[in-house]
Amino acid sequence: MKTEPPTRRRPVGPSQGRLALYFLAPALLALVLLRLLPALMALISSLRHHSLTDGVTRFVGLANYADLWADPQFWQSTRVTLLFSLVINPLQVLLALGLAVLFNRRFAGARFWRSLVFAPIAVPPAVSAVIWGILYRPEGPLNAFLGALGIPAQPFLTSPEQALYALIVLMSWVGVGYWMTFLIAGLQDIPQEVYDAAGMDGANAWQRFVHITLPLLRRPLSFVLVAATVSNFLVFAPVQLLTGGGPDGSTNLMMHDVFRRAYSVGDIHYAQAEVVVLVAVTLAVVAVQYRLMQGKGEE
């Protein structure tokens, strides 16, 4: 009489999807509590208005947004923010890309110089602002250096024409080394055999960079461009510490304008409306950037 082999029972346990959900639960909870819920609260708050006369908070719908639309100071802040973003984002990405290509090569002291360029990101933004505030003083080291070259002293932070660009230099000093590390990681993922094959076909250094490095570095470049854009839309501490939005509103970035409306003017609901607009502008710019990068990749 033949006996059938015992059948193995599959271990009883959670499915793969449920198991993945268990691991993702803390991150999803943090996302909801720290991102989505505050965003929803800001949106709801932007539809209200607190009256200082009777102390009552009322639902006003889109009235705060209508007031923003008619506010010249809001439009000046928007123009300043867009100009700041238009200049600093390509500048940071190009400098980070150039330094990444340079420090990805093997030469004496490469790691030391790479660490030196990366070091400013380890300094808190407020401390960086204080350091550059000293450098930008009328009697500071930068003007002393310019004087040694025979160049007149520059007003920097006290000039409406120079203050925004002085902040761009400061924020680039902080951010370039950080974005450089992502691009170096992307460069190190490109197989050396591809460059060797191109060299055997007679491609020079520039041709290898244009036809091999840039296409294969598209994903890290896309990430750096988007992340830098979001980061630069949220610049606040250097503006607050060095210029206060001046002179003449030339450095009044939207994030600083939100702070001013919320805590100097005391209209938190009006400030929340500007926060919603800032998020919308950021998402629109990021969407355009992503679309352009995807289009270039498909070509």
Task: Nearest-0.5 Å distance that lies between atom CG in L36 and atom CG in L28 - done: 9.5 Å

Task: Flag if over 12 foreign heavy atoms under 6.0 Å of CZ, F23 - done: no

TODO: Measure across Q289 and V226 and return the closest heavy-atom pair with its distance rounded to 0.1 Å.
DONE: OE1-CA, 3.9 Å

Open item on the list: Would you say CZ of R48 has more than 12 non-hydrogen atoms from neighbouring residues, nucleotides or ligands within 6.0 angstrom?
Closed with: no

TODO: May I have all residue pairs that pass side chain to side chain donor-acceptor pair (under 3.5 Å) and include part of residues 263-272, sequence neighbours excluded?
DONE: S45-H269, D71-Y270

Open item on the list: If I compare all heavy atoms of H256 with all of G245, which pair ends up nearest, and what's the gap?
Closed with: CE1-N, 3.7 Å

Open item on the list: Using a 3.5 Å distance criterion without hydrogens, assess whether the side chain of T251 forms a donor-acceptor pair with backbone atoms of G246.
Closed with: yes

TODO: Look at the rings of F182 and Y178 and say which category their plane angle falls in: under 30° parallel, 30 to 60° tilted, over 60° perpendicular.
DONE: perpendicular

Task: Contact summary for F74 and E274, nearest pair of heavy atoms - done: CD1-OE2, 3.7 Å

Task: L183 side, atom CG; T213 side, atom OG1 - distance, nearest 0.5 Å - done: 11.5 Å

Task: Gap separating the CG atom of N252 from the OG atom of S77, nearest 0.5 angstrom - done: 4.5 Å

Task: Heavy-atom closest contact (L97 atom, L214 atom, distance) - done: CD2-CD2, 4.0 Å

Task: Sidechain-backbone polar pair: Q73 side chain, D257 backbone, donor-acceptor under 3.5 Å - done: no

- [ ] Measure across W179 and V224 and return the closest heavy-atom pair with its distance rounded to 0.1 Å.
- [x] CB-CG1, 3.7 Å

Open item on the list: Suppose the criterion is side chain to side chain donor-acceptor pair (under 3.5 Å): which pairs have a residue in residues 152-175, not counting sequence neighbours?
Closed with: Q154-Q162, S159-E161

- [ ] Locate the shortest heavy-atom distance separating V276 from A42; write the atom from each residue and the value.
- [x] CG2-O, 4.3 Å

- [ ] Run through L253, T282, V235 and flag the one making a side-chain contact (heavy atoms from CB on, under 4.5 Å) with T81.
- [x] L253

TODO: Give a yes or no on whether the backbone of S46 and the side-chain of N64 come within a donor-acceptor separation of less than 3.5 Å.
DONE: yes

- [ ] Examine distances only and state if a side-chain atom of Q207 and a backbone atom of N204 form a donor-acceptor pair shorter than 3.5 Å.
- [x] yes

